Amino acid sequence: MSSGIPPPAITVGLIAHDAKKDELARFICGHRAIVAGLRFLAPEDTARTLEDLGLDIEVLAPDTMGGDLQLAAAVVEGRVDAVIFLHDS
């Protein structure tokens, strides 16, 4: 029997180094069906790149002000189910 309460949304942390931010946006666009209904957390720098995609993004501090650390803390606290991290090679 269902309680009528929807399950909590899956929350995904997003972070991309500067040279990979556009690649992350293309990845998200290419997987619209998968990301529909997900919640996201991202440092301001990364979130700004994705703002035109209409995602549910909780914007953290910029990377230079600890946004990556805030994302790591959210993972430790159990508020994030998965992380997508694109780093410069």
Side-chain angles (χ1 to χ4, degrees):
M1 177 180 282
S2 174
S3 66
I5 299 172
I10 293 172
T11 301
V12 178
L14 299 174
I15 190 164
H17 286 161
D18 289 342
K20 298 291 185 171
K21 286 183 181 4
D22 289 337
E23 187 174 334
L24 178 61
R26 285 191 304 274
F27 175 82
I28 295 294
C29 283
H31 295 87
R32 283 278 192 188
I34 295 171
V35 301
L38 298 178
R39 288 191 68 248
F40 296 95
L41 268 78
E44 183 181 321
D45 317 66
T46 300
R48 191 176 319 121
T49 302
L50 305 171
E51 65 189 357
D52 294 337
L53 302 181
L55 302 173
D56 178 9
I57 301 179
E58 179 182 333
V59 180
L60 305 172
D63 293 328
T64 57
M65 301 294 289
D68 53 346
L69 299 174
Q70 287 179 311
L71 180 56
V75 170
V76 170
E77 294 167 355
R79 297 189 303 119
V80 174
D81 299 296
V83 175
I84 298 172
F85 177 24
L86 301 184
H87 62 89
D88 297 341
S89 342

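Not measured: the values here are computed from a predicted model.
Using a cut-off of 4.0 Å between Lys/Arg side-chain N and Asp/Glu carboxylate O, R48 and D45 are scored as not salt-bridged.
Placement of V12 and L41 in two distinct hydrophobic clusters is found when ILVMFWY residues are connected by side-chain heavy-atom separations under 4.5 Å, directly or transitively. V83 and I28 sit in two unconnected hydrophobic clusters of ILVMFWY residues. Membership requires side-chain heavy atoms under 4.5 Å apart, directly or through other members.
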Residues 52-60 side chain polar contacts: donor-acceptor under 3.5 Å, at least two apart:
from, atom 1, to, atom 2, distance (Å)
E58, OE1, R39, NH2, 3.4

Distance-only criterion, 3.5 Å: show the donor-acceptor pairs between side-chain atoms of residues 69-81 and protein atoms not counting sequence neighbours.
from, atom 1, to, atom 2, distance (Å)
Q70, OE1, A61, N, 2.7
E77, OE1, R79, NE, 2.9
D81, OD2, T11, N, 2.8

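Rounded to the nearest 0.5 angstrom, L14 CG and F85 CZ are separated by 12.0 Å. Rounding to the nearest 0.5 Å gives a distance of 10.0 Å between CG of L86 and CZ of R26. Note that the OG1 atom of T49 and the NZ atom of K20 stand 14.0 Å from one another [nearest 0.5 Å].
Annotation: salt bridge (Lys or Arg N to Asp or Glu O under 4.0 Å) contacts involving residues 65-74, sequence neighbours excluded, are absent.
K21 places a side-chain N or O within 3.5 Å of a backbone atom of A16 that can act as its donor or acceptor partner.
Taking 4.5 Å as the limit, some side-chain heavy atom of L50 sits within range of a side-chain heavy atom of L24.
Between G37 and A9 the shortest heavy-atom distance is O-CB, 3.8 Å.
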